[in-house]
There are 2 protein chains.
Amino acid sequence: MTDATHSPDAKAPDRVTAQDVARLAGVSQSAVSRVFTPGASASKATTAKVRAAAEQLGYRPNVLARSLITGRTRIIGLVVAYLENQFYPVALELLSRALQAKGYHVLVFMASNATEGVSEVMAELLDYQVDGIITASVAMTNDLTTRCDAAGIPVVMFNRGQADPRLSEVTSDNIAGGHAAACHLIATGHRRIAHVMGWQGASTGRDRAQGFSNALADAGLAPVAMIDGMFSRDTAAQATRDLFGAPFDSGDRPDAVFVGNDHMAFAVMDVLRFELGLDVPGEVSVVGYDDVPLASWPAYDLTTIRQPVRRMVDATVDLILGQIEGDHDPHTIRIDGTLIQRGSVRDRNNHKDKDR
Amino acid sequence: MTDATHSPDAKAPDRVTAQDVARLAGVSQSAVSRVFTPGASASKATTAKVRAAAEQLGYRPNVLARSLITGRTRIIGLVVAYLENQFYPVALELLSRALQAKGYHVLVFMASNATEGVSEVMAELLDYQVDGIITASVAMTNDLTTRCDAAGIPVVMFNRGQADPRLSEVTSDNIAGGHAAACHLIATGHRRIAHVMGWQGASTGRDRAQGFSNALADAGLAPVAMIDGMFSRDTAAQATRDLFGAPFDSGDRPDAVFVGNDHMAFAVMDVLRFELGLDVPGEVSVVGYDDVPLASWPAYDLTTIRQPVRRMVDATVDLILGQIEGDHDPHTIRIDGTLIQRGSVRDRNNHKDKDR
DNA sequence: TTGAAAGCGCTAACAC
DNA sequence: GTGTTAGCGCTTTCAA
């Protein structure tokens, strides 16, 4: 364990360079370069010689040196605030795979939600000469946008919108989604509906709340409560206690909760069932947002608005690669979500009298 | 939406170089370099002038150009197979933050479990001249190890072991963990214990099974069954059906299951409760492995062996940075896990007669 | 098609 | 302490 099993002082194992290959193949270094450059021209003979020599030496071009010239790193910076909400690891995995398939790779930057942290992180991102930036669950400040714009680095916001016309964004139609959730609850006979909202500092949180409110208003209903759950499990749990913990006159208690995302919805269900002893969906119906894998597990079996991650990811990849290729116009892409009906909502239309 | 809001043809926004700063500050380009190089010396006066000029121009050194000379990219390649199991996103987040704090960044590579895929991915990794590689839930082949070794790139395996003495690894003590799980089950009066194992192609899966077997043997017990759950939710679910689905003579049914990780344990519990109508822990006790966040949520409230992710991550980061700094000896680090008792195990010692 | 030569943006000797 | 010089490993004119 104390001696190296390999050569005694294997310090700098001197990379194999194109020069080395050239020497062995008996051609110029530029010939080697051409063989490894997609668009370039080289005779069959040279190509063969070079490939053979490269193989023998285990040569592979240094991407970084190449980048210095071409100005392209094929690295996409991904800024993410937290991976606790299952939606993001799933998106990250898909994003990474999709980009990988196109010859790009993802450099991950974790940001605290604090603006300051994001700013620092963005600066580092630019230092790496990334070809583009994808932000997920992170807000761009005006200053940041300006800096990226100045550096000519395209930015695509994933699952978050911003009023800035310089920014591209990919989201689901959150207003429609919030609307659909509310309509479903109304249609299934609920009348005392509360909303534990997604973080109101984020467009997603706001839009879903907005759609929800609109639908209720259209039906002549007022929400029992609208509480900001901050996309946090703890905050949502506390909101649920506040909402349901107080003693109720019969019929005053909410009969349904629409929650700003699945991650919080799980917390809401946990508190409802295990702290307050309320039956879901028997006494309270719950609707979430996202349709993360866990939502379909029988322990939760959560009715929710599905965000089509795969399609959102594809759109994001197309967008960012398009911008890298030179399409400098920002685009706003909105992808339709769908209501996924599961077991956390009870149809109360035919059981108005049965209260248990 | 069709016209760019910014300057009409903002094609290549020409990076600000050290040369530009030098000109503005009235110093040489190398002076600028020194000001931005940690170890270098520059007079107060120059430093001030340079910083001012840099600020004014928005200059930041090009990390890649620097890397070309120093041979250090401050990029760590992370190879991961799947982020579905919550353990990995958590680890990824911690890993990324820890590395970020030390000035490094994580380039993510998703690998299919197939060896071939890993190999391709590794090659790309080397192309980027990463300073080190961390693999999580991925196996290294002999050839791969040789290649990394030849390139002088340190590799640390996270949460997986390998017999190869050239490789460093950080795991929890899985044998001890499996042993502890079994002992707990035995101590709480279980006698018909099954094991839905972690993937037997992985050291973690094997070691946990081994510890489990040992403990049972020591107690003079034989496992009711040992089934490979492949670390997959579906496979584990099917194993559970096979195990409990058949009609049993009274007392033949397993009274406890130890599952190779939490991710599978959730599947086992779901099938037990919602498909087979068995009460956990009333009729069957379940123990998992990892202690992912979800394990503590009341819907599962899973007794499990905690893998101290934070400490494992810290060890991994120390290890890889140490190797980058020149410590070329591989290390094997094993971190103790702890049994976390929750509600998925029932003490059957005082209720031997009560079978409901 | 191919080689020679000029650099990409930077660091690291080396003299001054 | 500072400027000068020589590259890091590669792509890309430019002639040949």
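Quick caveat, the model's predicted, so the values are computed rather than measured. Numbered from 1 within each chain, the chains take letters A, B, ... in sequence-line order. Heavy-atom basis, side chains included; hydrogens, waters and symmetry copies ignored.
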What is the distance from CD of B/Q129 to C1' of D/dC8, rounded to the nearest Å?
11 Å

What's the closest nucleotide to the A/L68 side chain, out of C/dC10, D/dT13, C/dG9?
C/dG9

Are the charged groups of B/E55 and B/R51 less than 4.0 angstrom apart, N to O?
no

Respond yes when some side-chain nitrogen or oxygen of A/S28 is under 4.0 Å from OP1 or OP2 of C/dT2, and no when none is.
no

Whole-Å distance, A/R15 CZ to D/dG7 P, equals 21 Å

Quick one: B/R23 CZ to C/dG9 P, roughly how many Å, whole number?
11 Å

Distance, rounded to the nearest Å, where A/D20 contributes CG and D/dC10 contributes P:
9 Å

Please determine whether a side-chain nitrogen or oxygen atom of B/S43 lies at a distance below 4.0 Å from atom OP1 or OP2 of D/dG1.
no

For A/V63, which contact category applies under a 4.0 Å heavy-atom criterion: base, sugar-phosphate, or nothing?
nothing

Does the base of D/dT2 carry an N or O that pairs as donor and acceptor with the side chain of B/T46 under 3.5 Å?
no

Which whole-number value in Å describes the distance from A/L64 CG to C/dT11 C1'?
15 Å

Does a side-chain N or O from A/T17 land closer than 4.0 Å to OP1 or OP2 of D/dC8, or not?
no

Nearest-neighbour nucleotide for the A/I69 side chain, C/dT11, D/dT2, C/dG7 considered:
C/dG7

Rounded interatomic separation in angstrom, taking CG from A/N62 and P from C/dC8
18 Å

How long is the span from the CG atom in B/L83 to the CG atom in A/L92, to the nearest 0.5 Å?
5.5 Å

Qualifying residue, where the test is side chain to side chain contact (heavy atoms under 4.5 Å, CB included) with B/I324 and the options are B/L319, B/I153, B/D131:
B/D131

What I want to find out is whether B/R334 reaches B/E169 closely enough, with some N-O distance under 4.0 Å, to be called a salt bridge.
yes

Length of the line joining B/R72:CZ and C/dT11:C1', which is rounded to integer Å
14 Å

I'd like to know if B/T70 reaches the base of C/dA12 with its side chain such that a donor and an acceptor end up less than 3.5 angstrom apart.
no

How is A/V27 classified with respect to the nucleic acid when contacts are heavy atoms under 4.0 Å: base, sugar-phosphate, or nothing?
sugar-phosphate

Is the phosphate of D/dG3, meaning OP1 or OP2, less than 4.0 Å from a side-chain N or O of B/S30?
no

On DNA chain C, does the nearest nucleotide to A/T47 precede the nearest nucleotide to B/R60 from the 5' side, or the other way round? Give the residue.
A/T47

Please check if any side-chain donor atom of B/R66 sits under 3.5 Å from a side-chain acceptor atom of B/S33, or the reverse.
no

Using a heavy-atom cut-off of 4.0 Å across all strands, would you classify B/Q29 as base, sugar-phosphate, or nothing?
base

Of the nucleotides C/dC10, D/dT11, D/dG3, which has the atom closest to the B/R34 side chain?
D/dG3

Would you mind reading off the distance between B/F36 atom CZ and C/dG9 atom C1', rounded to a whole angstrom?
14 Å

Quick one: on DNA chain D, does A/R66 or B/G26 contact a more 5' nucleotide (nearest heavy atom)?
B/G26

Taking the side chain as every heavy atom from C-beta outward, state whether B/M140 and B/R160 have any pair of such atoms under 4.5 Å apart.
no

